[in-house]
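The model shown is predicted, which means the values in this text are computed figures rather than measured ones.
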Number of protein chains: 2
Amino acid sequence: MNNAQLLINNCASCNLKFYGFDTMSTEQLNIFKESHCRVEFKKGETLIKQGARCSNLVCIKSGYVKMHVEGLGGKSLIIKVLKPGDFIISPGIFDDYRNHFSASAITDVNTCLISIDAFSNVFHSNDQFAESILRHNHQLMQTLYNQLINLSHKKMTGRVADTLLYLSNEVYESNIFYTTLSRQDMADLSSVSKESLIRILKDFKDSGIILVEGNQFKIQATTTLQKISQAG
Amino acid sequence: MNNAQLLINNCASCNLKFYGFDTMSTEQLNIFKESHCRVEFKKGETLIKQGARCSNLVCIKSGYVKMHVEGLGGKSLIIKVLKPGDFIISPGIFDDYRNHFSASAITDVNTCLISIDAFSNVFHSNDQFAESILRHNHQLMQTLYNQLINLSHKKMTGRVADTLLYLSNEVYESNIFYTTLSRQDMADLSSVSKESLIRILKDFKDSGIILVEGNQFKIQATTTLQKISQAG
DNA sequence: AGTGGTGATTGATAAATATCAATACAAACT
DNA sequence: AGTTTGTATTGATATTTATCAATCACCACT
């Protein structure tokens with residue numbers, strides 16, 4: 001094993017900072033290191049399958065992943081888009097050991113998979129780590145509350161505006177972005193039909209709020225979008 | 001202080017079993033006991049106000065509480081109905097110290113309020129307790145995922161069927177129940193307008209699926225309701 | 001018994017949204 | 001270049017659902 005590989009495979013020298021991992025001792029980082037597998041997923045592949053046994057903490061090293069729940073009649077709802085530095089703890093951990101959602105690669109993705117045993121070990125021996133995991137969880141829950149409000153109280157235009165602001169602010173962190181999400185994905189993220197999404201995108205484009213060229217987006221009028229989002 | 005009050009005020013001899021509290025040592029239960037206040041809320045009163053600072057772990061000793069998020073234009077969505085033995089940890093704990101939802105009494109309610117400091121103290125010193133809190137959290141998250149699927153993929157009738165099954169199975173734990181939820185509340189729980197809820201209830205009644213007499217309900221055909229829920 | 005208030009119910013209508021069908025487009029593959 | 005395949009787009013239509021307005025029923029208070 002050469003030096004470069006050593007660096008790559010050592011959690012202590014990982015170039016990404018995962019939320020809460022800074023509370024871990026060298027020894028604890030070693031526990032992660034010992035248990036981890038580096039796995040690469042191709043675009044479209046499934047990282048986590050709803051209903052299957054959950055066996056890993058999934059850390060995203062590079063690429064983008066959609067977290068979605070599979071509903072009825074083949075329909076799907078996207079909860080969140082994950083980016084490098086994010087990780088996924090299946091809520092089944094400590095409970096029924098099942099995944100309650102799926103995660104799929106929307107680009108090629110590099111991951112580190114840490115075993116649940118290693119995670120559990122550190123969770124139990126490091127209370128600061130435990131606290132940050134709980135906090136991480138609460139933040140995800142916050143996202144879910146917002147989604148619930150969006151779905152139940154906002155009309156389509158407001159929800160699509162939210163999706164655009166979300167992608168721009170939280171995911172791609174720029175008002176110009178190229179997305180590998182399909183129109184169907186964007187519809188699943190906004191909880192509207194694909195056709196409705198396309199029409200609303202066209203409206204926004206016609207009113208000069210955004211520029212769209214295929215999957216290349218530019219948010220021109222952020223405040224207008226925010227108003228549309230607020231108005232519901 | 002007489003004997004009865006001593007019993008009442010001693011967390012160790014509390015007649016309710018709160019999820020995860022069984023992991024606590026006598027000493028830790030004492031920390032809770034020292035910090036707690038017993039507070040009674042009248043029907044309609046607010047236990048937790050969205051946006052306000054979160055200061056307590058709220059344990060429900062008796063009565064029923066609706067957990068709801070306040071959306072836009074005075075609209076509200078009910079996430080969950082809590083009953084004796086349930087407790088509420090605001091997701092703001094360890095994070096922004098704000099409540100991200102509200103909780104209101106739908107009957108007179110007796111609570112024990114445990115300070116966040118005491119909670120934090122035990123969370124950090126008892127890893128089994130921490131694990132069960134995380135698990136508790138995950139279960140709530142599971143509820144949220146289900147709600148998301150319901151809202152985004154199901155039509156009104158399916159959502160109302162879900163509400164009836166939820167109240168029957170999870171809240172009142174009987175196929176005959178009297179609820180103090182108003183029609184508006186039931187609508188907020190199903191995310192439909194009050195009028196639509198009433199019409200669907202009438203449909204269910206006319207088809208013999210349920211009996212309704214004011215706030216007294218009887219589920220006659222559980223399997224039919226389940227089918228309606230599944231069909232979306 | 002009369003009055004006022006609140007929540008429940010009903011009916012009519014308008015608005016929001018999905019669905020269906022047809023077409024366009026672009027990449028991948030002979 | 002022609003064909004296939006999958007996604008994107010557009011238009012027409014049907015469905016779903018909310019909103020508005022009116023009425024009803026029940027309870028508390030005079």
Starting at [atom1] of [X] and ending at [atom2] of [N], how long is that distance when rounded to a whole Å?
X: I198(A); N: dC25(C); atom1: CD1; atom2: C1'; result: 12 Å
X: L151(A); N: dA18(C); atom1: CG; atom2: P; result: 11 Å
X: D203(B); N: dG11(C); atom1: CG; atom2: P; result: 12 Å
X: H153(A); N: dA16(C); atom1: NE2; atom2: P; result: 17 Å
X: Q184(B); N: dA8(C); atom1: CD; atom2: P; result: 9 Å

**Item:** Options dA8(D), dT19(C), dT10(C), nucleotide nearest the side-chain atoms of E195(B)
**Value:** dT10(C)

**Asked** Taking the side chain of S193(B) as its heavy atoms from C-beta onward, which of dA8(D), dT19(D), dT17(C) lies nearest to it?
**Response** dT19(D)

**Request:** Inspect the contact between K42(A) and D108(A) and indicate whether a charged nitrogen and a carboxylate oxygen are less than 4.0 angstrom apart.
**Result:** yes

**Request:** Before accepting this row, confirm whether a basic side-chain N of the pair K49(A)/E70(A) lies closer than 4.0 Å to the acidic partner's carboxylate O.
**Result:** yes

**Prompt:** Between F21(B) and F87(B), does the ring centre distance come in under 6.0 Å?
**Reply:** yes

**Asked** For K154(B) and L201(A), take the nucleotide of DNA chain D holding the closest heavy atom to each; which residue's nucleotide lies nearer the 5' end?
**Response** L201(A)

**Asked** With respect to the phosphate group of dT10(D), does any side-chain polar atom (N or O) of K202(A) fall under 4.0 Å of OP1 or OP2?
**Response** yes

**Request:** Return no unless some side-chain N or O of S196(B) is found under 4.0 Å from OP1 or OP2 of dA18(D).
**Result:** yes

**Asked** How far does NZ of K75(A) sit from CG of D188(A), to the nearest 0.5 angstrom?
**Response** 10.0 Å

**Asked** More 5' along DNA chain C: L181(B) or R199(A), using each one's nearest nucleotide?
**Response** L181(B)

**Asked** Looking across every strand, which nucleic acid part, if any, lies under 4.0 Å from S182(A) by heavy atom: base, sugar-phosphate, or nothing?
**Response** sugar-phosphate

